[in-house]
Amino acid sequence: MSERDSLVKDSLHELIGFVDKSTVRFVNHLIDKSADIEEFKTKVKNALGTDDHQKVDNFSHELWSQLRPNRSQTKRRLKTKTIEEVEERVDLTPHETNASQKSGSKGTDSSRRGYESDESMDSSEEERVRDLKERDEFSERLKLKDKNKTRNIATNNDKKSYEEAAKRLKLEAEDRKKIVPKLRVESRRLYLEKRKEDKLALLEGDIADEEYLFNDVNLTEKEKAGLEYRKKVLHLAREHDRARDLEKVQRYHIPSEDKDSEYVEVDDTERAPNAEQKKWEEERLGIARLRFGAKDANRKARKEYELVMDAEIEFVQSLTIDGNHFEEEDEEKDEKKTKRQTLDETRRSLPIYPFKEELIEAIREHQVLIIEGETGSGKTTQIPQYLHESGFCNDNKKVGCTQPRRVAAMSVAARVAEEMGVKLGNEVGYSIRFEDCTSERTVLKYMTDGMLLREFLSEPDLSSYSVIIVDEAHERTLHTDVLFGLVKDIARFRPDLKLLISSATLDAQKFSEFFDDAPVFRIPGRRFPVDIYYTKAPEADYIEACVVTILQIHVTQPLGDVLVFLPGQEEIEQTQEILQERQRKLGSRIRELLIRPIYSNLPTDMQAQVFEPTPPNARKVVLATNIAETSLTIDNILFVIDPGYCKQNSFNPRTGMESLIVVPISKASANQRAGRSGRVAAGKCFRLFTAWAYQHELEDNTIPEIQRVHLGNVVLTLKSLGINDILHFDFLDPPPHETLVLALEQLYALGALNHLGELTRLGRRMAEFPVDPMMSKTLIASEKYGCSEEIVTISAMLSVNASVFYRPKDKAIHADTARKNFFQMGGDHLMLVNVYNQWAESGYSRQWCLENFIQYRSMCRARDVRDQLEGLMERVEIELKSCDSDNIVIRKAITSGYFYHTARISRTGGQYKTVKGQQTVLIHPNSSLFEEKPRWLLYHELVLTTKEYMRQTIEIESQWLLEVAPHYYKDRELEDSTNKKMPKQLGKSNNDLNRVYPKL
DNA sequence: GAGCACTGC
């Protein structure tokens, strides 16, 4: 309950002695609707029928004085803000209207013209003005709600969140208790290691000297024994280091005799802790020795395994090919160094520390600063702290720092809270979807980029922030790209706002140009070197090549885990099979090889296996998708195999079709992958393509997401931020014109924009939902059809994507049967409701999921999304109501959002044609309607895989389209020979005809 | 009768 509600409640209790939810709502309503206090008083008197005038007077005054001033303040503030915005954007205004008219008239649909001419100009104008007024009133109500809400984790307004916070903070405190001694131990350990390393180096020097000096001198037995002993000690110490580096929990073990010889060939110094700097310099000076060692090992192994290795790939090292040129050009590239991961060192030891003063000075001097720093420089954790120390958080202003991923936001915030010695959620907090861990005391706020984007909706000028840091900007997520344009815009009319854009190499110059030539501040990082090997000739079959390379590494290289990047689940399973087969054939001739797949759709417990430590004397091979590129880090990887492909989603605005296809990766991505091999020690990366291909065939950077996806939601968000001229919005890399126009057209057809391209009340409400515009329209339409409960479930289930059903290859038949058991009359959306409801009935049971081949994790996520959507439904003033599974109304509600996505069976049968666009499409074989082949279909999405498929379909009646989107469909379009001609009024007048389906 | 990379709100 909000603060406002409790105030009303208390006052009411005093006045009439009882209180309930609807009375509170009613009084709230009266306050909002009354023009002045007298009106309010009269209304209260009339409504409550109480005679005690004094009491009513007190009651009214108290509420009015407490609630209304706020409101008028909000209003005033809002107004000035709007004026400011208008002034700021005044130069844009002329083409705003032009642009939207242009985009409007660009659509050649005759239906659209029909829609406009349906109403006379006057009434449509009146309608528009009224709608805009309602829209603004709605926004205002939202603002008020937000203001009163201020659900704070550190206060006990909201009991539930308070308890949660208390629990979390307690855990946090316990963690710290645990961590401090751990830190002490760690620092002692580091010291000892350093000391040991020094001693070992001394010993090594001694031995070398001795051998050199007394080479041809006859030593006594004792002297010889002494030398041998020292050699042995050195060897064992090195051995121990290596064993520990490769395997965290592994204890020292005595290498067997035959393995001994193998180790001699490896450059042991590279394994020693704290030797990376030395190693780095060494490599710079000339790595011949190292390369020779590796080659030698190769040759030796070849001899030994001649019979078992039926194929072998020849690799060439990049440095041999590209020489100095390559090295110089890419001096600061990731592949050459890797970050030192342990931040357990004190803050002072971070590479950023020496730059502190300089950095603060630069920030004071310039409004926008690009920070180019490699991962491991400490920028994410340190810069906000420096800003805090330098007084950027005075006057209740915050420093905001965005991250592309939730985990990053959480863990970095926790880390910084610890460093500053405060409780997480107080001075340092984080804000991610489903979890707001901040309070009014929060000054350093870490959040996901999408979260800051949502914050723009309630605070368009970000007035509570003094600094915004956009971290990991080089990743170019959809949200960061949109943020760029927005923060650039507000920076113009808020000179006091500082902007820091932080990026890893390469892109810095581009960012600088975008932000009006903002200066670039460079911070060095620390990384281990990584050797890059390319194939001599292109590989035709990358899966086969992967398998061969894995085995080649396994038999020729020292112990150390291998990470293989594959495009998808299918390739991973295939590789795993082949590898297991080969392994069986080789039997005991090779060491143990543990194969561990990982991809996001893999159940959590199986994912966890990837992180289990490798047993001694074995090697772990991780077969991963792109998930291992940025999202998760696997320790102790020394070798990376990179076939150079990934699966990429791209959206074709002309066909409205998404495709997920295997494409070559970019150079940036290849370097990122290579960097994963050198996180704990110097690593090696084997690229299954040629150096020539790397130089000439790979793009420098991956195409940014914003140019590859459907932008419906982005455009709606921008519109509701008052940016009308979408087509000229300042994008760092503008998305294709067609994508924007398509998004605008769809929003217009959905009723989110009026014919002038202005946001309507409906559009404003739609923008509140973090879903596709078509889905948010469906959510709002569900009110009319009285099935909001079900639609919220459908929306949540669809948002977790296709990852609801788990289908392991070996139990495919069982999984399919389980899935078929959920089928529902009407189509896939109804099946999803069925799945969710059954799960809910099982008490959200994990066991139930296991039995039914459902992914527990996805269901939990759906539940989270569902809870959030429920909250938002209340926010946009829609009551939650169930239709008791009347599947007609559910499908009608979906149709009113997805009337764009319809298809009709074609004469040949089996195939479908989209109603608009006449594209040939097929029902996805996983759909419950695959065998049924109804005449009219609505699909959730169109995907191009091997064929053009409609995924998630429901059966609809063609006349529903006229009912829900009369402006979009003409009668004629909905008739054809397969569909017997219907009387025009049928859809509306004879609803009972639709009820031929049994209820669920 | 196919086969869904990865985030995020």
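Letters A, B, ... are given to chains in the order of the sequence lines, protein chains preceding strands, and every chain is numbered from 1.
Residue A:N713 places its side chain closer to B:dC9 than to any other of B:dC4, B:dC9, B:dC6. Each of B:dT7, B:dC4, B:dC9 was ranked by its minimum atom distance to the side chain of A:S600; first place goes to B:dT7. The side chain of A:F930 approaches B:dG1 more closely than any other nucleotide in the set B:dC9, B:dG1, B:dC6. Here the nucleotide nearest the side chain of A:H924, chosen from B:dC9, B:dC4, B:dC6, is B:dC4. Comparing B:dC9, B:dT7, B:dA2 against the side chain of A:M451 picks out B:dC9 as the nearest. Here B:dC6 is the nucleotide among B:dA5, B:dG8, B:dC6 with the atom lying nearest to any side-chain atom of A:S631. For A:N601, taking side-chain heavy atoms from C-beta onward, the closest of the listed nucleotides B:dC4, B:dA2, B:dC9 is B:dC4. Nearest to the side chain of A:R405, among B:dA5, B:dG8, B:dC6, sits B:dG8.
In this structure, A:E472 places its CD atom 13 Å from P of B:dG8, rounding to the nearest Å. B:dC9 atom P lies 16 Å from atom CZ of A:R875, rounded to whole Å. Rounding to whole angstrom units, CZ of residue A:F456 and P of B:dC9 are separated by 16 Å. If you measure from atom CZ of A:F853 to atom P of B:dC4, you get 20 Å, rounded to the nearest angstrom. Taking atom CG on A:L832 and atom C1' on B:dC4, their separation rounds to 14 Å, with Å as the unit. With rounding to whole Å, A:M410 atom CE is found 11 Å from B:dC9 atom P. In this structure, A:I706 atom CD1 and B:dG8 atom C1' are separated by 14 Å, rounded to whole Å. As rounded to whole Å, 15 Å separates atom C1' of B:dG8 from atom CD of A:E435.
Judged as a ring pair (Phe, Tyr, Trp, His ring centres under 6.0 Å), and not counting sequence neighbours, the contacts of A:H924 are A:Y949.
Each of A:H479 and A:P925 lies near DNA chain B, and the nucleotide nearest A:P925 is the one positioned closer to the 5' end. Between A:P567 and A:R861, the residue whose closest nucleotide on DNA chain B is further toward the 5' end is A:P567.
Contact annotation: A:S799 does not reach the phosphate of B:dC9 (side-chain N/O to OP1 or OP2, under 4.0 Å). In this model, the phosphate group of B:dC6 is not approached by any side-chain N or O of A:K647 to a distance below 4.0 Å at OP1 or OP2. Look at A:R406 and you'll find a side-chain N or O under 4.0 angstrom from OP1 or OP2 of B:dC9.
Taking the charged nitrogens against the carboxylate oxygens, A:E658 and A:R951 have no contact shorter than 4.0 Å, which rules out a salt bridge.
At a threshold of 4.0 angstrom between heavy atoms, the contacts of A:R951 include nucleobase atoms, whether or not backbone atoms are also involved. Nucleic acid contact class of A:D449 (heavy atoms, under 4.0 Å, all strands): none. Within the nucleic acid shown, A:Y599 comes within 4.0 Å of sugar-phosphate atoms alone, with no base atom in reach, counting heavy atoms only. A:I627 comes within 4.0 angstrom of sugar-phosphate atoms only, judged by non-hydrogen atoms across all strands, and of no base. Contact annotation for A:I432: backbone-only contact, meaning every heavy-atom pair under 4.0 Å involves sugar-phosphate atoms and none involves a base. Counting any heavy atom pair closer than 4.0 Å across all strands shown, A:R433 reaches a base atom. Here A:Q569 lies in heavy-atom contact (under 4.0 Å) with sugar-phosphate atoms only.
Below 30°, between 30° and 60°, or above 60°: for A:Y939 and A:H901 the angle between ring planes is below 30°, a parallel geometry. Between A:F689 and A:Y694, the ring planes lie parallel to each other; the angle is under 30°, not in the 30° to 60° tilted range.
Taking the ring centre of A:F930 as origin, the terminal cationic atom of A:K933 falls inside the region bounded by 6.0 Å and 45° from the ring axis.
Here the shortest heavy-atom pairing between A:S927 and A:D828 reads OG-OD2, 2.8 Å.
No more than 12 heavy-atom neighbours from other residues, nucleotides or ligands sit within 6.0 angstrom of CD1 on A:I703.
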